Each structure stands twice: as structure tokens, then as C-alpha cells.
A.B. asks: 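Quick one: the structure is below, questions incoming.
Side chains are part of it too, since the values below use all heavy atoms of this structure and drop only hydrogens, waters and symmetry mates. Worth saying up front: this structure is predicted, and the values here are computed from it rather than measured. First listed ligand is number 1; within each ligand, the first listed atom is number 1.
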Amino acid sequence: MGIKVERADRIKNLPPYLFAAVDQKKLEALSRGVDVIDLGVGDPVEPTPRHIIDKLCEVAYDRANHRYPSYAGMMDFRAAIARWYEKKAGVKLDPETQVLALIGAKEGIGHTPFAFIDPGDIVLVPDPGYPVYRNCTLLAGGKPVPMPLLEENRFLPDLAAIDAHVGDKVKLMFLNYPNNPTGATATVEFFNEVVEFARSHNIIVCHDAPYLELVFGGYQAPSFLQAEGALEVGIEFYSFSKAYNMTGWRLGSAVGNEDVIAGLQRVKSNLDSGVFQAIQLAGIQALEGSQDCIARQNAIYQERRDILVEGLYGMGLQVEPPKATCYVWCRVPAGFSSAGFAAELIETIGVVVTPGSGFGENGEGYIRLSLTVETDRLKEAVRRMKTIKFDV
Ligand SMILES: *Cc1c(COP(=O)(O)O)cnc(C)c1O
């Protein structure tokens with residue numbers, strides 16, 4: 001007889017990973033023989049650009065890259081990130097102290113509360129939001145407090161509404177613009193207000209920015225580091241995943257306040273041993289090679305956005321086309337919950353979407369549709385959408 005395997009309390013409190021539940025629904029439909037079109041998960045379907053793969057292949061043979069990498073990342077990699085930020089945001093970063101390599105942004109996000117949160121400390125998390133902010137806070141023993149992102153506030157948190165009592169116990173705040181799941185964007189002026197708020201309550205700001213470059217129609221998304229004084233209050237998570245179709249490679253970076261970077265590095269150096277150097281070198285190639293791939297990919301997403309929005313109109317739904325991200329955030333018809341409408345779409349037209357409620361209480365009443373599916377498949381999904389109609 002085997003031993004009794006009892007899970008720790010800290011993981012008993014965690015919900016199953018959001019997208020695992022979506023995968024389950026999809027599998028059930030597939031087993032019924034449905035030709036399922038998955039608009040649930042945000043994972044680019046196009047390959048990583050050729051010049052980045054070529055670099056990986058070239059440097060993978062170099063035995064110097066086969067040994068343990070440095071914990072913080074190669075100096076050349078950190079310097080390339082710093083150069084990118086100078087060009088993109090006009091911010092000067094010291095690659096030595098203000099830049100850290102990550103095994104994807106998610107890894108850095110997940111480890112950050114372990115560096116700064118003691119049991120009971122409050123972490124402000126966007127709601128709806130990427131589930132990792134809340135769950136990593138719980139894992140670290142902290143208390144996640146949702147900041148509602150409401151349509152009437154253009155999906156920005158109302159900083160003034162954050163209770164002063166809460167404010168003084170808050171240790172850290174997660175933010176994410178361009179936003180997953182709402183597709184909302186923020187201005188530098190908003191980021192300036194965040195810096196002021198963080199200063200007055202002594203809060204570490206962690207801005208998650210994987211969609212900085214995934215923008216349409218000439219819109220330019222600001223980095224949090226463009227805000228006045230941002231380096232005094234927080235960090236930004238940069239990700240290669242969405243901009244360069246590199247989700248599988250696991251590469252990102254944390255940039256900004258050196259005390260925050262140092263704390264995160266302390267945790268990481270005790271848990272992981274850095275990023276495969278060949279992948280860091282390919283990352284430099286991504287940052288410093290031709291950027292045409294980004295414009296090409298964004299044109300693809302923009303076309304898909306317009307196709308999808310037309311399909312949603314066809315079903316009778318109302319939706320605002322996003323200026324950034326690979327998601328469309330859409331209100332469900334009257335009489336449906338998020339999960340109920342997602343189930344309806346799988347059952348009637350074989351289209352998988354993510355229920356907004358999976359991103360938090362304030363996501364109830366919405367679904368998220370992803371643009372990371374082949375355009376032909378999206379057109380097929382839209383063709384099916386036009387066969388059904390709902391009242392809003
Ligand atoms: C996709 C995504 C990430 C994950 O980035 P990785 O670099 O692949 O870990 C982080 N945050 C948000 C909001 C995302 O949508």
C-alpha cells in the first residue's frame with residue numbers, strides 16, 4: 001500500500017489553473033467528434049521568426065553555452081534589454097542592477113511575492129486579471145485584494161476608491177497594460193498617477209507588459225517606466241512570448257527599481273539556475289535584428305480582430321475593437337452567465353472561448369476571444385457565429 005500523499009494548505013487554496021478547465025471542456029467536445037475551433041488560449045499560432053531560430057541553432061553548438069548560465073542573465077542579454085528600453089521608452093537602465101533575465105515573465109511574476117510578501121500582507125490585483133497575480137500571492141501567504149477593472153472606467157483601476165485602510169497595508173500592486181483579458185490600454189498620465197499612489201502608500205508596483213508591442217493602427221503602448229519616478233517605485237515584466245511568437249522558449253526580463261530586482265534575484269537564485277544561454281543569445285537577436293516580423297504579425301492580428309468583431313456583431317453582440325493585445329473582450333447576451341455562454345458556444349457552434357469569470361469576479365458577464373488561431377479557422381468560426389443570434 002502506498003503512502004498517504006497530503007497536499008500543503010498553501011496549494012489546497014488554489015483553484016485549478018484556469019486554462020486547464022477550458023482545455024477540459026474542449027476535450028469533451030472533441031470526444032463527441034466536434035470540429036472544435038479554439039479561441040480560448042492566447043498562444044501565437046505562427047512560428048518564431050526564422051532569424052531568431054537560426055541564431056539558436058548556431059549558438060546551441062557552442063560548448064560555452066552548455067554550462068550553467070549566470071543567475072541574473074548574461075551581461076550581453078541584460079545590456080540588450082537596457083538598449084531596447086532606452087530606444088522604446090527613453091529610460092536609461094543599468095544592466096548590472098536594474099535588469100534581470102527571467103524564464104518567461106510568468107516565472108518572474110510568480111516569484112515576486114516570495115521576495116516581498118509576509119503572511120497577511122496585501123497585494124492589489126487587477127480583477128479581471130491574469131490569474132497568476134492572485135495565485136502567486138496566495139502561494140506566498142499574502143492576501144490578494146482585487147482592484148475592479150470596470151468598463152465605465154475604461155478597465156483602469158480606480159485608485160481613489162482603494163480604501164485608505166487597505167492602502168496602508170498594501171505591500172505590492174500588479175498592473176497589466178495593454179491588458180489581458182480586456183484589451184484595454186493605459187496612458188503615461190495614468191501611470192504617473194500610479195507612481196504618486198505608490199509613493200504615498202509605499203507600494204511596490206509590478207507592471208506586466210507582454211503586449212507592449214502588440215498594437216494596431218499606429219497606436220503605441222507606453223511602458224510603465226515612461227512614468228515620472230517609475231524607477232523609484234517598481235518594475236516592469238518584459239516578455240518575448242507574444243511580441244516574437246516565442247511562448248515555448250521561456251524568455252523574459254524584469255526591469256526597473258534595483259531593490260525590487262535584487263529581492264527577486266535573491267529568491268530566483270535559490271530556486272532556478274537561470275536561462276539557457278543559447279536562448280538568451282537568440283533573445284538578443286530578436287531585440288536587435290529586423291523588427292519587420294512584429295509589423296507583419298500585428299497586421300495579421302488586426303485583420304483577424306476585424307473579422308472576429310464582424311462575427312460578434314453578426315451574433316447580435318456589442319464589442320469595442322481593441323487597440324492592442326491578441327484578445328477581444330465581449331459582453332455576453334442577456335440571460336447568460338460567462339460560463340453559460342461559453343458552454344453555449346461550444347455546444348452550438350463548436351467554438352471555444354474563455355469565460356470572463358475565470359479572470360475574477362468582475363469578469364463575470366464577459367467572454368474573452370483570442371486572435372491566436374489561423375485566419376481561415378477564425379473565418380470558419382465567424383461563419384458559424386453568423387448562424388446564431390442573441391438579444392443583448
Ligand atoms: C501571456 C502572458 C504572460 C506570460 O508571459 P511569459 O513570458 O510567456 O511567461 C504574462 N502576463 C500576461 C498578462 C500574459 O497574457
Side-chain angles (χ1 to χ4, degrees), residues 17-20 22 39-46 48 52 73 77 81 84 99-113 123-137 144 146-147 149 155-157 173-186 205-215 221 223-224 234-255 264 268 271-272 274-276 279-280 282-283 286-287 297 301 322 324-329 354 356 358-360 363 368-373:
Y17 189 58
L18 161 70
F19 301 118
V22 175
L39 307 182
V41 181
D43 188 355
V45 69
E46 280 73 30
T48 305
I52 301 171
F77 173 79
I81 290 278
W84 188 89
V99 182
L100 184 61
L102 300 175
I103 312 168
K106 181 180 179 183
E107 178 266 306
I109 294 163
H111 283 145
T112 296
V123 176
L124 295 173
V125 300
D127 178 342
Y130 183 60
V132 181
Y133 312 134
R134 174 180 176 275
N135 295 344
C136 68
T137 299
M147 292 185 289
L149 306 187
F155 301 110
L156 297 170
M173 164 195 265
F174 282 109
L175 282 176
N176 159 229
Y177 292 98
N179 183 259
N180 174 11
T182 68
T185 55
V205 177
C206 295
H207 183 244
D208 183 21
Y211 302 100
L212 264 190
E213 302 237 78
L214 218 162
V215 291
S223 158
F224 174 66
I235 61 171
E236 181 159 276
F237 294 105
Y238 175 89
S239 171
F240 290 76
S241 288
K242 313 296 178 6
Y244 298 105
N245 297 343
M246 289 174 73
T247 49
W249 296 56
R250 313 312 305 135
L251 184 63
S253 181
V255 296
L264 178 54
K268 278 174 58 58
L271 287 172
D272 67 63
V275 178
F276 181 28
I279 288 181
Q280 295 185 55
L287 292 173
Q297 186 68 45
Y301 286 134
T325 79
C326 48
Y327 307 108
V328 172
W329 185 241
T354 309
F359 299 99
R368 190 195 72 175
L369 304 100
S370 174
L371 303 173
T372 56
V373 65

A.B. asks: Return yes if some donor-acceptor pair links the side-chain N/O of Ser370 with the main-chain N/O of Tyr327 below 3.5 Å, else return no.
C.D. replies: no
A.B. asks: Find all atoms of ligand 1 within a distance of less than 4.0 Å from any non-hydrogen atom belonging to Asn176, and give their numbers and elements.
C.D. replies: 13 (C)
A.B. asks: Check whether Thr247 reaches the backbone of Asp43 with its side chain - one donor and one acceptor, N or O, closer than 3.5 Å.
C.D. replies: no
A.B. asks: List the closest protein heavy-atom neighbour of atom 8 (O) of ligand 1: residue, atom name, distance to the nearest 0.1 Å.
C.D. replies: Ser241 OG, 2.5 Å
A.B. asks: Any side-chain to backbone donor/acceptor pair from Thr372 onto Val41? Under 3.5 Å, distance only.
C.D. replies: yes
A.B. asks: Do the ring centers of Phe224 and Tyr177 come within less than 6.0 Å of each other?
C.D. replies: no
A.B. asks: What atoms of ligand 1 come within less than 4.0 Å of a heavy atom belonging to Lys106?
C.D. replies: 6 (P), 9 (O)
A.B. asks: Ser239 heavy atoms, cut-off 4.0 Å: which ligand 1 atoms fall inside?
C.D. replies: 5 (O), 6 (P), 7 (O)
A.B. asks: Could you tell me, atom by atom, which parts of ligand 1 come under 4.0 Å of a heavy atom of Tyr133?
C.D. replies: 13 (C)
A.B. asks: Residue-level breakdown please: for Trp249 versus ligand 1, do any non-hydrogen atoms fall below 4.0 Å on the side chain, on the backbone, on both, or on neither?
C.D. replies: neither
A.B. asks: Please list, in number order, the atoms of ligand 1 under 4.0 Å from a heavy atom of Arg250.
C.D. replies: 6 (P), 8 (O), 9 (O)
A.B. asks: Short list, please: which atoms of ligand 1 are under 4.0 Å from a heavy atom of Asp208?
C.D. replies: 10 (C), 11 (N), 12 (C), 13 (C)
A.B. asks: If we only count N/O pairs under 3.5 Å, is Asn180 in contact with ligand 1?
C.D. replies: yes
A.B. asks: Does one side chain, of Tyr211 or Asn179, offer a donor that lies under 3.5 Å from an acceptor on the other?
C.D. replies: no
A.B. asks: In ligand 1, which numbered atoms sit nearer than 4.0 Å to a non-hydrogen atom of Gly104?
C.D. replies: 7 (O), 9 (O)
A.B. asks: Do Arg368 side-chain atoms and Gly40 backbone N/O form a donor-acceptor pair below 3.5 Å?
C.D. replies: yes
A.B. asks: Determine whether Leu102 and Tyr238 make a side-chain contact, defined as any pair of heavy atoms from C-beta on separated by less than 4.5 Å.
C.D. replies: no
A.B. asks: Any side-chain heavy-atom pair from His111 and Leu271 closer than 4.5 angstrom?
C.D. replies: yes
A.B. asks: Are any of the heavy atoms in Pro210 under 4.0 Å away from ligand 1?
C.D. replies: yes
A.B. asks: If we only count N/O pairs under 3.5 Å, is Thr247 in contact with ligand 1?
C.D. replies: no
A.B. asks: Considering heavy atoms of the protein only, find what lies nearest to atom 4 (C) of ligand 1 and give residue, atom and distance to 0.1 Å.
C.D. replies: Tyr130 OH, 3.6 Å
A.B. asks: With a heavy-atom distance limit of 4.0 Å, tell me whether Ala105 approaches ligand 1 through its side chain, its backbone, both, or neither.
C.D. replies: both
A.B. asks: Near Tyr211, which atoms of ligand 1 are under 4.0 Å from a heavy atom of that residue?
C.D. replies: 1 (C), 14 (C), 15 (O)
A.B. asks: State whether the side chain of Tyr244 and the backbone N or O of Ala286 hold a donor-acceptor pair below 3.5 Å, judged by distance alone.
C.D. replies: yes
A.B. asks: Could you check whether any side-chain heavy atom of Leu264 comes within less than 4.5 Å of a side-chain heavy atom of Thr112, counting everything from C-beta outward?
C.D. replies: yes
A.B. asks: Should the proximity of Lys242 to ligand 1, defined as any heavy atom under 4.0 Å, be assigned to the side chain, the backbone, both, or neither?
C.D. replies: side chain
